[in-house]
Every structure is written in C-alpha cells, then in structure tokens.
Amino acid sequence: MIRIYNTLTQQKEEFRPIEPGKVRMYVCGMTVYDYCHLGHARVLVAFDVITRYLRHRGFEVNYVRNITDIDDKILRRADENGEPYNELTDRMIKAMHEDEARLGVLSPDEEPRATAYIDEIIAMIHKLIASGHAYAADNGDVYFAVDSFEEYGKLSKKKLEDLLAGARVDVQEAKRSPADFALWKAAKAGEVSWPSPWGDGRPGWHIECSAMSTCCLGDTFDIHGGGPDLLFPHHENEIAQSECATGHTFVNTWMHAGAIRVNKEKMSKSLGNFFTIREIMEKYPAEVVRYFLVSSHYRSQVDYSEENLAEAGRTLTRLYHALRGIVPAKAADVPEAEHDERFAEAMDDDFNTAGAIAVLHAVANEINQHRRDGREEDAKHSAAILVRLGGVLGLLQQDPEAFFQADTGGELSAEDIEAMIQARADARKAKNFAEADRIRDELLDKGIILDDSREGTTWRKA
RNA sequence: GGCGCGGUGGCAGAGUGGUUAUGCAGCGGACUGCAACUCCGUGUACGCCGGUUCGAUUCCGACCCGCGCCUCCA
C-alpha cells in the first residue's frame with residue numbers, strides 16, 4: 001500500500017487511483033524564459049522518482065508536464081533580447097531538455113505547450129463566463145470571480161476575507177474584487193496575441209494549466225504536483241477554474257515539493273539567489289546533483305551548498321565503488337528479496353527516498369563483504385539488486401568507470417593516465433617505491449586518485 | 001497579522017512510545033611496500049518547560065528559534 005501526503009487534506013493517505021492500476025498525473029512545468037535552476041531540478045527529479053517508483057510497483061502512469069511558453073516574463077525577456085518570443089522559448093525548451101537528460105529525468109508522456117491549447121483555453125473561459133464564474137471587464141481582460149466559488153481557499157487554507165484584508169493583492173479598477181484573477185489578458189499594442197470573443201489577447205497563466213491538464217487527463221485525475229510556491233495562488237486558482245468549468249472534483253491528490261534554500265533563504269528568481277543546473281553541473285557530475293536531491297525527502301527544505309554537493313559526491317562514489325569491476329548477475333536470475341522489500345517499505349511511505357538510499361548502502365556493504373570473502377557469485381547477485389534499486393531512483397545506471405572518469409575538464413587524457421599507471425607499476429615491481437609514489441602524487445596533484453587492487457590499478461577523478 | 005512546515009549526534013539526513021537508521025567527517029584495528037579503496041570496531045543525538053505514561057526524542061500543551069506562502073517565482 002502506497003501512502004502519499006496530500007496537501008489538500010494535510011495528511012498521508014492511502015493512494016487509490018481512480019482507475020485501478022493506472023495513474024494520471026499532471027505536474028506544472030517550466031515557464032521557459034530562462035535556464036532551469038536547482039529548484040526546477042528538484043521538482044523534475046522528485047516527480048521523476050515518483051513516476052519511476054509507481055511504474056516499478058506496477059502502475060501504468062500517464063505523466064503530463066506542461067510548458068508555459070507564453071507569459072509576461074517571456075515577452076519582457078524576448079523584448080530585452082530583441083528576439084521573437086518563440087525563438088526565446090524554443091531555445092529554452094531545448095536547454096531544458098538537455099538539462100533533464102543529463103539529470104536522468106525521463107521525458108513525460110505528454111508535454112503540452114500553452115500556445116497549442118489556445119482553443120481549449122478559450123472554450124473553458126467561455127464556460128466560466130456562461131456559468132457566471134467569470135466576466136469580461138471593460139479593459140478587454142476576462143477575470144475569474146473568486147467569490148463565485150464557495151470553496152476558494154481549500155487547498156491553501158486561506159480565507160477570502162484574509163486575502164482581501166492583505167494589502168498585497170492587486171487592486172485594479174477593472175476587477176470586481178481585488179482577489180479576482182485574469183483568465184484572458186488583452187494584448188497591448190504590438191504584442192503577440194490570439195483572437196478571442198473578448199478581443200485579441202493571450203491566456204492567463206492559471207487557466208493554461210486547467211485547460212491542458214483536463215484536456216490531457218480528464219475532468220478528474222489522480223495526482224497534481226508542482227513546486228512549493230505554486231500552491232497559492234496558482235494551484236488554488238486551477239481548482240477554482242476547473243471545478244467551476246467541469247462541475248467535478250479536479251484532483252484527488254495534491255503533491256508539493258520542498259524549497260531549495262541558499263543560506264537559509266529560498267532559492268528563487270525574485271530573490272536572484274539561484275544557481276542554474278548547468279552551472280552546478282560544471283562543477284559536479286549530473287548524477288551527483290541528482291543524488292543530492294534524492295538523498296532527502298521530496299517535501300523537506302534542503303540547503304544548497306558546495307559542501308553538501310561535495311558530500312553527495314563522496315557518498316555516490318562509495319556506491320559506485322561497490323559496483324566497480326563487477327558484472328551484475330542477470331536481473332531475471334535475481335528474485336526480489338529482503339532488500340527489495342525494505343526499499344519498497346520506505347518508498348511506499350510517501351516516497352521516502354532517504355530511507356530507500358539507506359537500503360542501497362546496505363546492499364553496497366553486502367557486495368563489499370562478498371568480495372572480501374571471495375564470493376564472486378554472491379557479489380554479482382547483490383550487485384544486480386543494487387543496480388535494480390538504484391534504477392528506481394534513477395541512480396547507478398552508468399558504467400562505474402564512466403562515472404569515475406567522467407570528463408570534467410582535466411588536463412590529462414585517459415591514455416596519459418594509463419601510461420603513468422604503467423610506469424608506476426613498473427617502478428613498484430622494481431621496488432622503486434620513491435618513483436612509484438612520485439607518480440602517484442603527481443597524478444593526485446592533477447586530480448587523479450589511484451586505487452590498487454589484486455586485479456590491478458584503476459583511477460578516478462577526485 | 002493570517003495560514004502552513006520544521007527544530008535529531010561535528011555535518012547531512014531517516015525514523016520510532018521501551019531494542020542499530022544511513023552516509024560524510026573523526027578515532028582505533030585489519031588489508032597495503034606506504035597510501036587510497038574495502039572490511040571490522042568506535043560516538044553522553046533527538047530546541048526548552050510542563051503534562052500523559054511503568055517508560056517520551058516519539059503523544060498533548062505552552063514557550064523559544066528557524067523557514068515557507070499570503071505578489072511573479074519550481
């Protein structure tokens with residue numbers, strides 16, 4: 001039994017998909033006006049792990065993650081760059097796909113783009129106006145009337161009165177209530193726009209997700225996920241729009257990832273304290289970044305720091321060391337056993353990846369013990385388990401040598417290193433240990449660590 | 001001010017009403033020409049104060065501290 005923390009009910013619940021064995025999941029993706037930062041990576045990786053695990057447990061998962069490719073920030077950035085908005089978004093989408101691939105994030109099953117759903121969005125707005133939940137204002141915008149939806153605030157636990165009392169809501173003449181939000185935005189002169197019954201314009205951010213999710217997954221689906229800062233107003237507004245338009249419950253389980261912090265502050269665009277994942281991946285292998293993200297629970301806040309990334313690197317190194325030089329047994333020959341059960345027990349509990357990783361370490365330890373005792377077959381058997389369970393987390397799927405020797409811009413080629421290892425081996429044979437140590441130190445100085453074993457010497461990047 | 005989350009050993013990070021998390025770092029030992037890797041061993045951990053209980057880090061209450069959302073942000 002899988003239990004998932006539902007933001008809506010604020011507790012862990014047994015997960016029962018609407019259609020047995022099938023999971024329909026929607027996650028809010030990127031607004032593509034800039035490179036992905038670590039916070040985006042966290043959401044991508046978290047829901048990637050969730051998808052992998054649900055599939056591992058036998059569910060058929062339809063994973064939809066949208067792309068917001070029209071928005072104020074996109075237009076502004078394109079304007080600053082002096083390029084058409086769609087060139088900017090195409091470039092950023094390509095970059096996002098590259099980043100994802102490097103992080104080991106599997107592609108979603110569908111990746112709808114807002115600009116491809118304008119008709120559906122307009123149709124939904126139509127319904128909302130017809131049913132009295134939205135109105136066209138004098139300025140050409142269309143707004144959702146928040147007070148027309150009794151349950152507004154049920155996700156974020158906010159009361160409308162409190163929202164109205166807060167001075168931070170946008171007070172605008174055209175709105176009937178300050179808490180109302182735009183479904184359709186009238187185009188300013190020269191802006192890209194689409195025709196609509198309310199004049200040329202473009203969709204508001206929230207309605208895009210309502211339209212894309214219900215079009216792809218139906219009026220009601222199982223899981224809706226996203227970053228922590230989307231809970232309000234974005235997800236709250238999605239519920240209001242969708243439930244008013246369809247008359248059905250929108251989503252059964254709401255999932256939100258925790259924030260990434262830098263020096264105790266949330267990493268965010270608005271604070272400007274963000275690190276893009278490509279700049280982080282220049283310093284650390286992509287899999288180390290992924291390990292760092294997966295090593296704590298998806299809902300917890302985690303601090304980004306060089307030290308934490310470095311530690312993740314050391315830890316992942318230990319895991320790959322266990323697999324080094326072993327050809328794992330065939331998966332079919334290794335039935336699920338105790339470790340698989342402990343792993344599943346952790347993951348069943350709201351995707352407790354930290355607990356699951358502890359199992360990975362236990363398996364690694366077992367492999368090392370088998371090797372110490374010369375039980376080659378047992379080691380291969382355990383290695384297969386480690387690769388299998390690692391795979392559910394999207395880890396440990398590389399050839400260990402590829403991980404250890406990943407090109408991170410060292411000055412020595414693999415051939416140079418092999419030649420020096422040979423020279424050192426010769427020196428050791430001749431009991432010229434001073435020379436052997438000199439070579440080892442020289443390599444270490446250049447970021448190469450040597451590991452001696454009975455089978456010979458291997459190397460890895462520090 | 002409203003709503004929500006959290007404070008675990010040097011650090012990171014799970015979890016539990018009574019019994020080992022795990023990893024990194026440290027220390028001791030084995031292995032090694034010496035190291036590295038690996039193995040074995042090793043640590044007065046649960047913010048503070050009350051309460052419930054035979055027993056609380058774990059439940060309840062108060063307090064202190066930190067964080068998030070309430071505006072675009074994953």
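Quick caveat: nothing in here was measured; it's all calculated off a predicted structure. Throughout, a chain's letter reflects where its sequence line sits, starting with A, and its residues are numbered from 1.
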Please classify the nucleic acid contact of A:A259 as base, sugar-phosphate, or nothing, using heavy-atom distances under 4.0 Å. base
Summarise protein proximity over nucleotides 5-12 of chain B in one line of letters, 5' to 3': B for base, S for sugar-phosphate only, - for none, counting protein heavy atoms closer than 4.0 Å. ------BS
Residue A:H37, side-chain atoms from C-beta onward, closest of B:rA74, B:rC34, B:rA14: B:rA74
Candidates B:rA36, B:rG2, B:rC34 - which lies nearest the side chain of A:K158: B:rG2
When we call it a touch if two heavy atoms are under 4.0 Å apart, what does A:I260 touch: a base, just sugar-phosphate, or nothing? base
Contacts of A:R372 and A:H234 projected onto RNA chain B by closest heavy atom; the upstream (5') one is A:R372
Taking the nucleotide of RNA chain B with the closest heavy atom to each, which residue, A:D71 or A:R314, is nearer the 5' end? A:R314
For B:rA36, does either OP1 or OP2 sit under 4.0 Å from a side-chain N or O belonging to A:R318? no
When you get a sec, tell me which of B:rG33, B:rA14, B:rC39 is the closest nucleotide to the side chain of A:S296? B:rA14
Taking only residues two or more places apart in sequence, or in another chain, which ones meet A:D79 in a side chain to side chain contact (heavy atoms under 4.5 Å, CB included)? none
Taking atom P in both B:rG6 and B:rA36, what distance in whole Å separates the two? 42 Å
Could you check which of B:rC40, B:rC3, B:rC70 has an atom nearest any side-chain atom of A:F232? B:rC70
Using a cut-off of 4.0 Å on non-hydrogen atoms, how would the nucleic acid contact of A:G153 be classed: base, sugar-phosphate, or nothing? nothing
Does the side chain of A:K266 get closer than 4.0 angstrom to OP1 or OP2 of B:rC69 through an N or O atom? yes
Identify all side-chain donor-acceptor contacts of residues 376-387 of chain A below 3.5 Å with residues at least two apart in sequence or on another chain.
unit_1	atom_1	unit_2	atom_2	d
A:D378	OD2	A:R375	NE	3.3
A:S382	OG	A:E366	OE2	2.9
A:S382	OG	A:D378	O	3.3

Tell me what A:M267 touches on the nucleic acid: a base, only sugar-phosphate, or nothing, going by heavy atoms under 4.0 Å. base
With C1' as the reference atom in both, quote the distance from B:rG13 to B:rC46 in angstrom, rounded to an integer. 13 Å
Of the listed nucleotides B:rC34, B:rC24, B:rU22, the one nearest the side chain of A:H361: B:rU22
All stems that RNA chain B takes part in, i.e. 3 or more consecutive Watson-Crick or G-U pairs with distances under 3.5 Å, are B:1-7 with B:64-70, B:10-12 with B:22-24, B:26-30 with B:38-42, B:49-51 with B:59-61
A:D162 CG - B:rC69 P separation (whole Å): 18 Å
Does the base of B:rC34 carry an N or O that pairs as donor and acceptor with the side chain of A:R440 under 3.5 Å? yes
Assign A:N368 to base, sugar-phosphate, or nothing according to its heavy-atom contacts below 4.0 angstrom with the strands shown. sugar-phosphate
Distance check, P atoms only: B:rC60 and B:rC5, in whole angstrom units. 12 Å
Out of B:rC72, B:rC39, B:rG33, minimum distance to the side chain of A:W205 belongs to B:rC72
With sequence neighbours left out, what residues match A:Y291 under ring-ring contact (aromatic ring centres under 6.0 Å, His included)? none
Taking donor-acceptor contacts at under 3.5 Å, does the side chain of A:D437 reach the base of B:rG33? yes
On a heavy-atom basis, which atom in A:A346 and which in A:G355 lie closest, and how many Å separate them? CB-C, 3.8 Å
Can you tabulate the close N/O pairs, meaning under 3.5 Å, that link protein atoms to atoms of nucleotides 15-21 of chain B?
unit_1	atom_1	unit_2	atom_2	d
B:rG15	OP1	A:N352	ND2	3.4

With respect to the side chain of A:H321, which nucleotide from B:rC72, B:rC40, B:rC37 is positioned closest? B:rC37
